[in-house]
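Structure first, commentary second.
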Amino acid sequence: MASARSRVSTIKYQALLVLAAAVWGLGTVVIKDTVGEFSPSWLVGIRFFSAGVIACVVFARRFVRLARAGALLDHVRAGVVLGLLVAAAYLCNTGGLTDTTAAKSSFLTGVYCVLVPFIAWGVMRRRPTAFNLVAAFLCLAGVGLVSLPAESSFSLGWGDAVTLVSAVFLGFQVVATSKLAPGRDMAVLTSLQFLLGGAFALVIAAATELPPEAAVLLDPATLGNLAYLVVFATCLALLLQNVGLARVSPSSGALLLSLESVFGVAFSVLFLGEQLSVAMLVGFALIFCAVLVSEWLPGVVSGSQSSQTQALP
């Protein structure tokens, strides 16, 4: 009975990660033109700092409770680490988009699902299983088929290289969240991650880039896209991610979050009228197989081995 309850609890947290991936997938449609209106550092800074302010207001009582208990400084230290990682990841990813295609960016960012098992091994001493490794490479192949047009030639330019760097930072962010989350208030930790990550990005923006024009900030369409980016694709999605990663292994979490590419294409077909190709369908199948290999096959193999052991005289 306890094992069944534990499994249900795990599925619940896995569902949070899938929901986060869906929110980000829709975000690729909703904010398609936003990157062109803001320079990368300003967009990342405004996005995360605004989300941080909103989250800190919403969870103000939790901050007060932790301060009275003397635990707030511990959360701030962890928030600095996560804030630096999320700022670095999104600055590189957004900057890379100025010199690469969205398709390449989606594929190269998906590399982090392969990196996470190895990063977790080095940081948390969690040795990746054969299931983790097979699932990660199946997932990468699937993301490639979903994201990259068959007729395109693949060569690495400056934007591609920066996007690959963002995948490394994303991998470390997933692992660091899994390591730092247990025993801490995830709402407070996520709020601090937003606030500090946004502050880091704004400092870089102020030092290196001109601020966005007032006309851009007052444009209703841009404001609507920015609102989705701040409230849903940051506040909601990253909170769901962090809560889920507190109870799901880094390897499984990265795999489930990689479903963002599937949702992104599905929403593009639904809302933008884009056409599905055979390669995309094969990619979806590979990603689905990766999830099965990571989340379902180990239980089947373990159950089979357990049954054989019990049957022995």
Notebook entry, point to check: In Å and rounded to the nearest 0.5 Å, what is the CG to CD distance from L257 to Q241?
Noted result: 5.0 Å

Check: Under the criterion side-chain contact (heavy atoms from CB on, under 4.5 Å), which of L239, L245, L256, L240 is the partner of L16?
Finding: L240

Notebook entry, point to check: Got a sec, which residues hit salt bridge (charged side-chain N to carboxylate O under 4.0 Å, His left out) with R62, two or more places apart in sequence or on another chain?
Noted result: D185

Check: Between atom OG1 of T234 and atom CZ of F48, what is the distance when rounded to the nearest 0.5 Å?
Finding: 5.0 Å

Notebook entry, point to check: Rounded to the nearest 0.5 Å, what separation is found between the CG atom of L19 and the CG atom of L236?
Noted result: 6.0 Å

Margin query: I'd like to know if the side chain of R47 reaches the main chain of A233, judged simply by a donor and an acceptor atom lying under 3.5 Å from each other, with no hydrogens or angles considered.
Written below: yes

Next item on the list: Just do the side-chain contact (heavy atoms from CB on, under 4.5 Å) check on V134 and L138 with the steps written out, would you?
Entry: CA-CA 6 Å; V134 171; L138 280 174; 3.9 Å; yes

Next item on the list: Mind checking the CG-CZ spacing from L66 to R68? Nearest 0.5 Å is all I need.
Entry: 11.5 Å

Margin query: When you measure from the side chain of S166 to the backbone of Y90, do you find a donor-acceptor pair of N or O atoms at a distance under 3.5 Å?
Written below: no

Next item on the list: Supply the atom-to-atom distance L238 CG to M186 CE, rounded to the nearest 0.5 angstrom.
Entry: 10.0 Å

Next item on the list: Locate the shortest heavy-atom distance separating P250 from V174; write the atom from each residue and the value.
Entry: O-CG1, 3.9 Å

Next item on the list: Could you walk me through whether L189 and N242 pass the side-chain contact (heavy atoms from CB on, under 4.5 Å) test, one step at a time?
Entry: CA-CA 9 Å; L189 187 58; N242 287 354; 5.9 Å; no

